[in-house]
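Read the numbers this way: they start at 1 and go in the same order the structure lists the ligands and their atoms. Side chains included, hydrogens not; waters and symmetry mates left out as well; all remaining heavy atoms used.
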Amino acid sequence: MIERVLAIETSCDDTSVAVVRHDGWVESVVSADQDLQHQPFGGVVPEIASRNHTLQLLPAAELALEKANLTFKDIGGIAVTSRPGLIGSLMVGVVTAKTLAAALNLPLIGVNHLEAHLLAPFLRDAQYAPPEGFAPPYLALAISGGHTQIYLVRAFGDYEVLGRTIDDAAGEAFDKFAKMVGLGFPGGAKVDKLAKSGDQKAFPFPRPFLDDARLDFSFSGLKTAALRILQKMSPAEIEARKADLCASYQEAIVDCLVGKFDQALSVNDDITRAVLTGGVSANSRLREATEAWARKRRVQLVVPPLRYCTDNAAMVGYAGILRLNRGEKSDQSLAPLAQSEF
Ligand code: KG4
Ligand code: ZN
């Protein structure tokens with residue numbers, strides 16, 4: 001059995017390296033976001049993201065080992081996010097992982113980034129452990145700047161997508177709105193903060209698909225509705241009503257997310273556990289609404305700490321070591337994939 005792996009995550013704009021044990025214990029994780037580099041462009045610029053990964057990745061790997069008091073000799077395998085994501089960003093991680101695996105003669109495993117998000121609740125460290133006995137089957141809502149999916153996790157490796165966004169991701173919906181009201185990028189957290197002092201009912205935003213039996217999401221109409229409302233307001237008016245705008249817009253997203261989670265539970269009524277994961281799970285109103293929903297529906301809800309919800313290599317390491325210890329392995333033909341099903 002492999003004791004620990006070095007894991008690499010570079011699927012979008014976070015460079016992250018972790019050392020993770022087979023039981024999910026995170027020995028170290030070193031991450032560098034690139035918000036400062038992408039901010040002037042109001043979004044992630046793929047070319048800039050991959051260039052920064054090449055600069056940051058090896059120093060992050062060295063630091064991750066140092067923080068864990070280990071050397072490459074203590075590592076039993078290399079795990080790397082190979083799909084889905086920005087192709088240039090993934091490429092940097094995959095090439096680095098393949099080089100390390102070949103140079104150190106270690107087994108290599110390519111990891112699906114979404115599977116990694118789904119397994120984040122099982123990570124553990126000095127401050128966090130999953131609730132006693134928490135295990136599949138569970139429903140999971142994976143929401144970030146790049147993805148928005150509802151899954152049924154039946155067992156390790158057995159995942160069904162119950163619903164997904166047909167256009168923008170939830171985080172993207174937050175970010176685009178934040179940009180429209182002049183809050184900068186990435187703006188989700190700023191919308192969250194401002195919304196606390198606003199009126200959720202001040203503006204009528206649509207709740208796309210909420211009356212539909214499909215478990216999919218659509219957020220692009222929400223963005224258009226916001227644009228129409230803003231076009232009718234003067235800059236001074238927008239400024240004065242920013243908190244109300246944020247609260248109303250956020251509430252529409254939260255209603256859609258929690259509403260679909262609820263529908264997913266109704267069609268899988270033998271399920272008693274749920275997970276909220278991805279960067280958008282930092283949203284305070286969403287947490288509050290999901291917790292209230294879980295209490296009402298008697299669901300055991302796990303929201304991993306934010307450090308394991310946002311893109312990080314620890315979750316990649318855990319997914320990777322589980323697969324390696326089941327006898328799976330990638331070889332030197334491992335190639336990044338921008339898209340991947342499930
Ligand atoms: O998982 P993540 O760090 O990176 C990926 O996109 O994969 O998620 C980042 C996203 C951004 O869209 C950001 O605006 C959003 O999560 N976000 C939030 C909050 N904090 C981060 N959205 C709403 N409320 C927040 N508090
Ligand atoms: Zn992600």
- prompt: Tyr138 vs Phe134 aromatic rings, parallel, tilted or perpendicular, using cut-offs 30° and 60°?
  reply: tilted
task: Would you confirm whether Ser82, through its side chain, and Leu90, through its main-chain N or O, come within 3.5 Å as a donor-acceptor pair?
output: no
query: Is it true that some N/O/S atom of His117, main chain or side chain, lies under 2.8 Å from the Zn ion (ligand 2)?
result: yes
- prompt: Which residue holds the protein heavy atom closest to atom 24 (N) of ligand 1, what is that atom called, and what is the gap in Å?
  reply: Asn283 ND2, 2.9 Å
statement: Closest to atom 10 (C) of ligand 1 among protein heavy atoms sits Gly145 N, 3.5 Å
- prompt: Is there a donor-acceptor contact under 3.5 Å from the side chain of Gln39 to the main chain of Phe185?
  reply: yes
query: Between the side chain of Glu9 and the main-chain N/O of Ala314, is any donor-acceptor distance below 3.5 Å?
result: no
- line: Restricting His113 to its N/O/S atoms, the closest one to the Zn ion (ligand 2) is NE2
task: State, with a plain yes or no, whether a side-chain heavy atom of Gln263 is found less than 4.5 Å away from one of Ile150.
output: no
message: Does ligand 1 come near enough to Gly171 that some N or O of the ligand is less than 3.5 Å from an N or O of the residue?
response: yes
task: Could you tell me whether Gly188 and ligand 1 have an N or O pair separated by under 3.5 Å?
output: yes
- request: Please confirm whether Asp175 comes within less than 3.5 Å of ligand 1 when only nitrogen or oxygen atoms on both sides are compared.
  value: yes
Ligand-side contact atoms (ligand 1) for residue partner Gly146, heavy atom cut-off under 4.0 Å: 6 (O)
- prompt: Between the side chain of Arg207 and the main-chain N/O of Phe205, is any donor-acceptor distance below 3.5 Å?
  reply: yes
task: Could you tell me which non-hydrogen atom of Asp244 sits nearest to which non-hydrogen atom of Ala202, and how far apart they are?
output: CB-CB, 3.6 Å
statement: Of all N, O or S atoms in His147, the one closest to the Zn ion (ligand 2) is NE2
- prompt: What atoms of ligand 1 come closer than 4.0 angstrom to any heavy atom of Ser144?
  reply: 1 (O), 5 (C), 6 (O), 7 (O), 8 (O)
task: Take Ser284 and Asp192, measure what side chain to side chain donor-acceptor pair (under 3.5 Å) needs, and give me the verdict at the end.
output: CA-CA 7 Å; Ser284 56; Asp192 184 359; 2.5 Å; yes
query: Purely on distance, is any nitrogen or oxygen of Asp311 under 3.5 Å from one on ligand 1?
result: yes
- line: Looking at Asp311, the N/O/S atom that lies nearest to the Zn ion (ligand 2) is called OD1
task: Please identify which atoms of ligand 1 are closer than 4.0 Å to at least one heavy atom of Gly279.
output: 1 (O), 2 (P), 8 (O), 16 (O), 17 (N), 20 (N), 21 (C)
- request: Check whether any N or O atom of His113, backbone or side chain, sits under 3.5 Å from an N or O atom of ligand 1, and answer yes or no.
  value: no
Heavy-atom nearest neighbour in the protein, as seen from atom 15 (C) of ligand 1, with distance rounded to 0.1 Å: Val280 CG2, 4.0 Å
Sub-4.0 Å heavy-atom approach of Ala189 to ligand 1: yes
field: Lys67 and Glu27, any side-chain heavy atoms less than 4.5 Å apart
entry: no
task: With heavy atoms of Thr310 as the reference, note each atom of ligand 1 found under 4.0 Å away.
output: 1 (O), 3 (O)
Asp192-ligand 1 polar pair, N/O distance under 3.5 Å: yes
- prompt: Within the distance-only criterion (no hydrogens, no angle test), does the side chain of Arg4 pair as donor or acceptor with the backbone N or O of Asp74 below 3.5 angstrom?
  reply: yes
Cationic N near anionic O, under 4.0 Å, Glu291 to Arg287: no
